[in-house]
Number of protein chains: 2
Amino acid sequence: MTGIGKKKATIYDLSILSGASPSTVSAVLNGSWRKRRIKEATAQLIRQLANEHGYTANLQARGLRSSRSGLVGLLLPVHDNRYFSSMAQSFEAQVRSRGQCPLVVSACRDPEEERQVVETLISYSIDELFIAGATDPDGVHKVCEKAGLKHVNIDLPGTLAPSIISDNYEGARMLTQAIIERALEDGPLSPDDLYLFGGRNDHASHERIRGFRDVKRASLGADPDVCIQPTGYSPAMTARAFEAFYEDHGKLPRAFFVNSSINLEGLMRFLALHPHETFADIIVGCYDYDPFGSFLPFPVFMIRQDSDAMITKGFAILDADRRPPTTHLVRPSLVPPRTALIGPLDALKDIE
Amino acid sequence: MTGIGKKKATIYDLSILSGASPSTVSAVLNGSWRKRRIKEATAQLIRQLANEHGYTANLQARGLRSSRSGLVGLLLPVHDNRYFSSMAQSFEAQVRSRGQCPLVVSACRDPEEERQVVETLISYSIDELFIAGATDPDGVHKVCEKAGLKHVNIDLPGTLAPSIISDNYEGARMLTQAIIERALEDGPLSPDDLYLFGGRNDHASHERIRGFRDVKRASLGADPDVCIQPTGYSPAMTARAFEAFYEDHGKLPRAFFVNSSINLEGLMRFLALHPHETFADIIVGCYDYDPFGSFLPFPVFMIRQDSDAMITKGFAILDADRRPPTTHLVRPSLVPPRTALIGPLDALKDIE
DNA sequence: CTTTTTTGCACAATCGATGGTGCAATGACT
DNA sequence: AGTCATTGCACCATCGATTGTGCAAAAAAG
């Protein structure tokens, strides 16, 4: 009703307008007024004035006073990836439904950047922090602990804080199994025909590689080290690994396990430079789900990690305030080729 | 060095430790100390103490006092999409490099939610806001204006604030042209063979449809209304539209323009339910780039929108403080099938 | 050795909301 | 009428940093 471009109304403004004291106004507007035995009529009046003037609390002031901000942070390695952006989407929804404000930031897999970003978040007095896919979870943990900030690790575990991670071993087993079965349909598969690309020196990669090797050894009888090609988490490095293999062998492996959708992007870069015959018969497994990746012109088995469940569990742990740094496994699911799963987008209303 | 779990140090703590007054400490630590003629030695001492005790400013307090927070907001429709997540990635990088803190939130294309989210951001005294793909940019504008918050529209224009958008008309022309040329390689193309799916009643859709129709009419001589199928921005609705077409015609159109990668997901859902022959010969154009979408088992032309340039321009406009709500067009680029572009991920260091 | 100028800093108000404490007015009860 | 409990609210300190102002002490000028 009022001002255009004017300063925002404060409890002091409403205090003058209503004739009540600022603390009364505050109590009415933050809900603690019953406890303070404010008359219903007074509350009514103040609420009405607040509405008329479009009052909204200054959350910085509230946060300063109460040393809680209503902000919940999610630290991501990167945004630009379906796994993490889907996690961000779930995170936002859950934080909102708890009446808090989500703050999603990425730290580019740089340990120093991670710590610094978290320092910044702490300066805003965030209430809780989800650390997803951190390169150095324990480093971040220390920063949080010093500030007394509750936090959990998601996706990559730390040793010092509770962690919720995908059951990478089981997921990798499922995926490897699926790849092998599918490859056997086309004829016998030698151990040299099945490779793994991507990942690096982190817990998730280790577990996935372990699952891959266990199943491979059990099914194919052998598991040569050369078939494991950890390339880091970069499309460029992954593409180089495919390129190198191709140089050596004149073709790609018949079947392979790709550690993440980021690595799968590396495969795309390789494909862009080579004719279709190069990969007409390959069979791919990717430890991540991407709706378009699932429809590539060769069979792609994918693993869908349940990031929504991870976030839910994360809140449960934070709420329970369990201290021991336990690790919780969340089962992922296998997605056969040519599958379009519904995602968080489907929750949006789009009438038309 | 100090406390584990202790409260964070404040300027008052450092004031006691150093023997200087809080205001001196503040001045030293926020850089305004030269102006205040603080002795170099005093500054040294305070900085050292600050380091030792891991002091970081309480940004809520600072924000409260100075009514600036150092936060810059980006309002997104959704995270879970390469176009927007890539924009988030660029945004983060640019905000960081300006020494501010990015705050990325999504509002699910819900006008009410958009306004509410922005209200919340305003309560945190954010300094600037980028409004990307808002359903109701002018509604958001009013909220911002009332609070005196500087803002720009990205991707979808408003009439009341400066807007930076993709040159949708030109992009659509390029894309349509490319589809037609490619289709003609397989034989003559009738106007009934070229459809457009997706989009709704927004500026971007209008412009894209206009570009599509103009090129189509010029190239194919006609442009029946039935070939335009606005399905909204939802995979499910889009899938239904493909399904409906298929029911009627027993096949998909030979060639079609898909309004966004979200709509392209709808195509994936259709594909999942039908055999390969159904779409063996289709030619697709998608107004968005997705690295996996580019390698689907049929030719997919894509448009890559330059979100990084849009953000850059956005900051330029905010910095220049130009008031007139002008609209700036940013040229997108055409991406031929089977192309793996490098993206923000490639900026990450990943040594190994 | 004064007077003026400069240097170096302390003081105190302020941003907006919160919550403990105290106190007047009202009603209940003896 | 006097005592006591209850109701309804105002007052004030506080969170941590910023900033305008004032004032000694040191340095420069006379």
Side-chain angles (χ1 to χ4, degrees), chain A residues 6-46 50 53-71 120 122-127 147-148, chain B residues 6-46 50 53-71 120 122-127 147-148:
Chain A
K6 288 251 291 285
K7 310 294 294 180
K8 295 205 52 137
T10 71
I11 53 170
Y12 297 96
D13 302 330
L14 296 180
S15 153
I16 293 171
L17 289 168
S18 67
S21 77
S23 58
T24 298
V25 175
S26 169
V28 168
L29 296 173
N30 72 21
S32 68
W33 59 285
R34 285 224 164 280
K35 205 170 54 192
R36 279 180 163 272
R37 299 186 314 228
I38 309 286
K39 221 194 310 182
E40 177 66 44
T42 312
Q44 278 293 343
L45 171 65
I46 292 175
H53 293 264
Y55 170 84
T56 52
N58 180 322
L59 297 180
Q60 299 212 69
R62 173 178 294 169
L64 174 58
R65 181 58 233 253
S66 54
S67 61
R68 306 185 60 265
S69 62
L71 293 167
T120 305
I122 289 173
S123 300
Y124 285 108
S125 307
I126 63 169
D127 298 337
Chain B
K6 288 250 292 282
K7 311 294 294 179
K8 295 206 53 139
T10 71
I11 53 169
Y12 297 97
D13 302 330
L14 296 179
S15 153
I16 294 173
L17 289 168
S18 67
S21 77
S23 56
T24 299
V25 175
S26 170
V28 168
L29 296 173
N30 72 22
S32 68
W33 60 285
R34 284 223 163 280
K35 204 170 55 193
R36 282 181 162 271
R37 299 185 316 227
I38 308 287
K39 220 195 311 182
E40 177 67 45
T42 311
Q44 279 292 343
L45 171 65
I46 290 175
H53 294 264
Y55 170 86
T56 52
N58 180 323
L59 297 178
Q60 299 213 67
R62 171 178 297 171
L64 174 58
R65 181 58 232 255
S66 52
S67 61
R68 306 185 59 265
S69 63
L71 293 168
T120 305
I122 289 173
S123 300
Y124 285 108
S125 308
I126 63 169
D127 299 337

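Model, not experiment: these values are computed from the prediction. Lettering follows sequence order; numbering is per chain, from 1.
- In this entry the distance linking CD of A/E40 with C1' of D/dT7 reads 15 Å, nearest Å.
- Straight-line distance from the CZ atom of A/R36 to the P atom of D/dT6: 19 Å, rounded to whole Å.
- Residue A/G19 is classed as a sugar-phosphate contact, given heavy-atom separations below 4.0 Å to backbone atoms only.
- The phosphate of C/dT18 (OP1 or OP2) has a side-chain N or O of A/R62 nearer than 4.0 angstrom.
- At a threshold of 4.0 angstrom between heavy atoms, the contacts of B/T10 are confined to the sugar-phosphate backbone, with no base atom among them.
- D/dT14 atom P lies 17 Å from atom CG of B/N58, rounded to whole Å.
- The residue A/T42 sits close only to the backbone: its heavy atoms come under 4.0 Å of sugar-phosphate atoms, none of a base.
- A donor-acceptor contact shorter than 3.5 Å is absent between the side chain of B/S18 and the backbone of B/I46.
- With the nearest nucleotide of DNA chain C identified for both B/L64 and B/P22, B/P22 has the one nearer the 5' end.
- Rounding to whole angstrom units, NZ of residue A/K35 and P of D/dT7 are separated by 16 Å.
- The phosphate of C/dA10 (OP1 or OP2) has a side-chain N or O of B/T24 nearer than 4.0 angstrom.
- Residue A/Y124 places none of its side-chain N or O atoms closer than 4.0 Å to OP1 or OP2 of D/dG16.
- B/S69 and B/I126 get closest at one heavy-atom pair: OG-CA, 3.4 Å.
- Summarising the geometry, the separation between NZ on A/K8 and C1' on C/dA17 is reported as 14 Å, rounded to the nearest angstrom.
- Among the atoms of the strands shown, base atoms are found under 4.0 Å from some heavy atom of B/R37.
- Looking at heavy atoms from C-beta onward, B/T10 lies out of side-chain contact with B/N58 at the 4.5 angstrom threshold.
- Of all the heavy atoms in A/A57 and A/R62, the pair that sits closest is CB-NH2, 3.4 Å.
- A donor-acceptor contact shorter than 3.5 Å is absent between the side chain of A/Y55 and the backbone of A/D13.
- Rounding to whole angstrom units, CG of residue A/L29 and P of C/dT18 are separated by 9 Å.
- Atom CZ in B/R65 sits about 16 Å away from atom P in C/dA17, given to the nearest Å.
- Within 4.0 Å of B/S26, counting heavy atoms only, lies at least one base atom of the nucleic acid.
- Regarding contacts with the backbone of D/dT18, a side-chain N or O of B/N30 is found under 4.0 angstrom from either OP1 or OP2.
- Taking 4.0 angstrom as the limit, A/S23 places none of its side-chain polar atoms (N or O) nearer than this to OP1 or OP2 of D/dA10.
- At D/dT18, none of the side-chain N or O atoms of B/Y12 fall inside 4.0 Å of OP1 or OP2 (strictly under the cut-off).
- Residue B/K39 contributes atom NZ, which lies 10 Å from atom P of C/dA10 at whole-angstrom precision.
- Within the nucleic acid shown, B/A27 has no heavy atom closer than 4.0 Å to any nucleic acid atom.
- B/S15 approaches B/A20 most closely through the heavy-atom pair OG-O, 2.8 Å.
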